Novice: 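Please see the structure below; I have some questions.
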2 protein chains.
Amino acid sequence: MSENMFSCVRTKIDQRKIENYHRMVNENKTGFKEIAKQIQLAGNDVRLKILWLLKQDEFCVCDLSDILQMSIPAISQHLRKLKDNDMVDFRRDGQTLYYFIHPNLSNYVKLIINDLVFEHQKEII
Amino acid sequence: MSENMFSCVRTKIDQRKIENYHRMVNENKTGFKEIAKQIQLAGNDVRLKILWLLKQDEFCVCDLSDILQMSIPAISQHLRKLKDNDMVDFRRDGQTLYYFIHPNLSNYVKLIINDLVFEHQKEII
DNA sequence: TTATTATTTAAGCAAATACTTAAATATGAT
DNA sequence: ATCATATTTAAGTATTTGCTTAAATAATAA
């Protein structure tokens, strides 16, 4: 009967506050999960570079492969994850697929890549 | 001798552009890696919830354990990762460690958690 | 000192991740 | 049709992640 759902004996903290926050987090559970998923995908240095590059211009898989000096399948698999989560999209021109930032990319990720500005950016054509 | 560092035969794209972007990304390699690391840590729904909660108030491990309904060691290990990357810090009050957002939390992550506002937020005390 | 509470740390493990190489598609050119 | 190019997909694998349980610290109280 004296089962306690709480982990510690509190003297100072307001129990109601804990329950309120528990409820808030719970009510937005799927929200947190979806946002975390997109952020997690941006939280890989290869994909972050891809997203940053696609913010500058559209590129095909082999462009990205050359720029990042990684294998075609490795790049393709990263792009697939971004594509599956509506973070990038592509258009076909002959055999070549040009990838670009999906217009519906979440604001959370947009905020990140918009802020990624480096010193040398001005040197680019 | 005819080794090609490029993955595809381009007709339309400017080779110099590819080389410029390659150089830019390379010169900021560690920058991308560090930023991606912090974003990756925020890109987990448990840690995203923790960061959001700590943005609202400071909490001890067992508070977070109760709010998120997860084991103490699980929470503690998440906090350790955030601590190791200067994303959170804590103060001691007796046996209790109160965690809070590290003042130097990167802007990339600040942008995210500042934007995480939910409907029910107003109901909280 | 001994016990209690708060928290961390360590060890173990299942699942997810990020590559690799090889094979499969798809479009375009001959 | 056949071949070449651009890309994806599949299978295999080493590494990382996120939990679990149990043991170790650390501060406080009796």
Side-chain angles (χ1 to χ4, degrees), chain A residues 2 4 6-13 18 32-33 36-51 58-85 88-100, chain B residues 2 4 6-13 18 32-33 36-51 58-85 88-100:
Chain A
S2 68
N4 194 346
F6 302 110
S7 301
C8 50
V9 181
R10 284 178 194 79
T11 48
K12 293 170 192 165
I13 204 148
I18 296 295
F32 273 111
K33 201 152 219 163
K37 180 66 191 171
Q38 293 225 353
I39 294 170
Q40 185 244 48
L41 287 171
N44 166 283
D45 61 325
V46 175
R47 283 190 300 263
L48 192 61
K49 287 170 190 168
I50 290 176
L51 288 169
E58 59 175 21
F59 290 101
C60 66
V61 178
C62 61
D63 288 337
L64 295 171
S65 164
D66 288 343
I67 293 171
L68 302 178
Q69 292 287 287
M70 290 179 60
S71 77
I72 297 270
I75 298 292
S76 178
Q77 282 161 29
H78 280 301
L79 286 169
R80 190 182 207 293
K81 288 184 184 182
L82 295 171
K83 179 80 173 52
D84 285 348
N85 284 274
V88 304
D89 203 354
F90 65 80
R91 65 179 180 84
R92 179 180 284 278
D93 180 7
Q95 297 162 284
T96 307
L97 303 179
Y98 288 100
Y99 280 84
F100 50 87
Chain B
S2 68
N4 194 347
F6 303 109
S7 300
C8 50
V9 181
R10 285 175 194 81
T11 46
K12 293 170 194 165
I13 204 147
I18 297 295
F32 273 111
K33 201 153 218 162
K37 180 66 190 172
Q38 293 227 351
I39 294 170
Q40 183 242 51
L41 286 170
N44 166 284
D45 61 325
V46 176
R47 283 191 299 264
L48 192 60
K49 287 170 190 168
I50 290 175
L51 288 169
E58 58 174 21
F59 290 102
C60 67
V61 178
C62 62
D63 288 338
L64 294 170
S65 164
D66 288 344
I67 293 171
L68 302 177
Q69 293 287 289
M70 290 179 61
S71 78
I72 297 270
I75 298 292
S76 178
Q77 283 162 27
H78 280 301
L79 286 169
R80 189 181 206 295
K81 289 182 187 182
L82 296 171
K83 179 79 172 51
D84 285 349
N85 285 272
V88 304
D89 203 354
F90 64 80
R91 65 178 181 87
R92 180 178 282 280
D93 181 6
Q95 299 161 282
T96 308
L97 303 179
Y98 288 100
Y99 280 84
F100 50 87

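A, B, ... follow the sequence lines: proteins, then strands. Residue 1 opens every chain. Quantities reported herein were computed from a predicted structural model and do not represent experimental measurements.
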Novice: Considering just the side-chain nitrogens and oxygens of A:Ser76, establish if one lies under 4.0 Å of OP1 or OP2 belonging to D:dT7.
Specialist: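 No.
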Novice: Take atom OH of B:Tyr98 and atom P of D:dA27, then tell me their distance rounded to the nearest Å.
Specialist: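 Interatomic distance, OH of B:Tyr98 to P of D:dA27: 16 Å.
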Novice: Mind calculating the distance between CZ (B:Phe59) and C1' (C:dA6) to the nearest angstrom?
Specialist: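 The distance from CZ of B:Phe59 to C1' of C:dA6 comes to 17 Å, rounded to the nearest Å.
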Novice: Round to a whole Å and report the spacing from NZ of A:Lys49 to C1' of C:dA18.
Specialist: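 After rounding, the reported distance stands at 14 Å.
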Novice: Does a side-chain N or O from A:Tyr99 land closer than 4.0 Å to OP1 or OP2 of D:dA6, or not?
Specialist: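 It does not, given that no N or O in the side chain of A:Tyr99 lies less than 4.0 Å from OP1 or OP2 of D:dA6.
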Novice: Could you state the CD1-C1' distance from A:Ile75 to C:dA18, rounded to the nearest angstrom?
Specialist: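 For the pair A:Ile75 CD1 and C:dA18 C1', the rounded distance is 12 Å.
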Novice: Provide a list of protein-nucleic acid N or O atom pairs under 3.5 angstrom, restricted to nucleotides 12-21 of chain D.
Specialist:
{"from": "D:dT17", "atom 1": "OP1", "to": "B:Gln40", "atom 2": "NE2", "distance (Å)": "3.0"}
{"from": "D:dG18", "atom 1": "OP1", "to": "B:Asn44", "atom 2": "ND2", "distance (Å)": "2.7"}
{"from": "D:dG18", "atom 1": "OP2", "to": "B:Arg47", "atom 2": "NH1", "distance (Å)": "2.9"}
{"from": "D:dG18", "atom 1": "OP2", "to": "B:Arg47", "atom 2": "NH2", "distance (Å)": "3.4"}
{"from": "D:dG18", "atom 1": "OP2", "to": "B:Lys81", "atom 2": "NZ", "distance (Å)": "3.0"}
{"from": "D:dC19", "atom 1": "OP2", "to": "B:His78", "atom 2": "NE2", "distance (Å)": "2.1"}
{"from": "D:dC19", "atom 1": "N4", "to": "B:Gln77", "atom 2": "OE1", "distance (Å)": "3.4"}
{"from": "D:dT20", "atom 1": "OP2", "to": "B:Ser71", "atom 2": "OG", "distance (Å)": "2.9"}
{"from": "D:dT20", "atom 1": "O4", "to": "B:Gln77", "atom 2": "OE1", "distance (Å)": "3.3"}
{"from": "D:dT20", "atom 1": "O4", "to": "B:Gln77", "atom 2": "NE2", "distance (Å)": "3.1"}

Novice: Among pairs that include at least one residue of residues 39-51 of chain B, which meet side-chain hydrogen bond (donor to acceptor under 3.5 Å, both in side chains), considering only residues two or more places apart or in two chains?
Specialist: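 For residues 39-51 of chain B, and leaving out neighbouring residues, the side-chain hydrogen bond (donor to acceptor under 3.5 Å, both in side chains) pairs sorted by first residue read B:Arg47-B:His78.
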Novice: Quick one: label A:Phe90 by what it contacts on the DNA or RNA (base, sugar-phosphate, nothing), any heavy atom closer than 4.0 Å.
Specialist: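 Here A:Phe90 touches no strand at all.
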Novice: To the nearest angstrom, how far is B:Arg91 atom CZ from C:dT7 atom P?
Specialist: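 For the pair B:Arg91 CZ and C:dT7 P, the rounded distance is 12 Å.
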Novice: Considering residues at least two apart in sequence or located in another chain, which fulfil the side chain to side chain donor-acceptor pair (under 3.5 Å) criterion with B:Ser65?
Specialist: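 Testing B:Ser65 for side chain to side chain donor-acceptor pair (under 3.5 Å), a comparison that skips the adjacent residues, returns A:Ser7.
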Novice: Check every strand shown and say whether A:Leu97 touches a base, only sugar-phosphate, or nothing at a heavy-atom separation below 4.0 Å.
Specialist: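 If one applies the 4.0 Å heavy-atom cut-off, A:Leu97 turns out to touch the sugar-phosphate alone, with no base involved.
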Novice: Using the test salt bridge (Lys or Arg N to Asp or Glu O under 4.0 Å), find all partners of B:Arg91 that sit at least two apart in sequence or belong to another chain.
Specialist: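 Once residues adjacent in sequence are excluded, the partners of B:Arg91 under the salt bridge (Lys or Arg N to Asp or Glu O under 4.0 Å) criterion are B:Glu58.
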Novice: For C:dT9 and B:Arg80 - does any side-chain N or O of the residue sit under 4.0 Å from the phosphate oxygens OP1/OP2?
Specialist: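 For B:Arg80, the contact criterion (side-chain N or O under 4.0 Å from OP1 or OP2 of C:dT9) is met.
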Novice: One pair to check against side-chain contact (heavy atoms from CB on, under 4.5 Å): A:Asp93 and A:Tyr98. What are the steps and the verdict?
Specialist: CA-CA 7 Å; A:Asp93 180 7; A:Tyr98 288 100; 3.8 Å; yes
Novice: Quickly work out the B:Leu79 CG to C:dT8 C1' distance and round it to whole Å.
Specialist: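 Rounding to the nearest Å, CG of B:Leu79 and C1' of C:dT8 are 11 Å apart.
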Novice: For nucleotides 24-30 of chain C, tabulate all protein N/O to nucleotide N/O atom pairs closer than 3.5 Å, reporting atom names and distance.
Specialist:
{"from": "C:dT27", "atom 1": "O2", "to": "A:Gln95", "atom 2": "NE2", "distance (Å)": "2.8"}

Novice: If I take atom CG in residue B:Asp45 and atom P in nucleotide C:dA16, what distance separates them, rounded to the nearest angstrom?
Specialist: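 Atom CG in B:Asp45 sits about 13 Å away from atom P in C:dA16.
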Novice: Which value, rounded to the nearest 0.5 Å, describes the distance between A:Ile18 atom CD1 and B:Cys62 atom SG?
Specialist: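 A:Ile18 atom CD1 to B:Cys62 atom SG measures 8.0 Å (nearest 0.5 Å).
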Novice: My understanding is that only residues two or more places apart in sequence, or in another chain, count here; which of them pass side chain to side chain contact (heavy atoms under 4.5 Å, CB included) with A:Phe90?
Specialist: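 A:Phe90: side chain to side chain contact (heavy atoms under 4.5 Å, CB included) contacts with A:Lys83, A:Leu97, A:Tyr99.
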Novice: According to disulfide bond (SG atoms under 2.5 Å apart), who are the partners of B:Cys60, at least two apart in sequence or on a separate chain?
Specialist: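 Checked B:Cys60 against disulfide bond (SG atoms under 2.5 Å apart); zero matches.
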Novice: Rounded to the nearest 0.5 Å, what separation is found between the CD1 atom of A:Ile75 and the CZ atom of A:Phe59?
Specialist: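 Between A:Ile75 CD1 and A:Phe59 CZ, I get 12.0 Å after rounding to 0.5 Å.
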Novice: Report yes or no: does A:Gln77 contribute a side-chain atom to a donor-acceptor pair with the main-chain N or O of A:Ala74 at less than 3.5 Å?
Specialist: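 Not confirmed, A:Gln77 side chain does not pair with A:Ala74 backbone.
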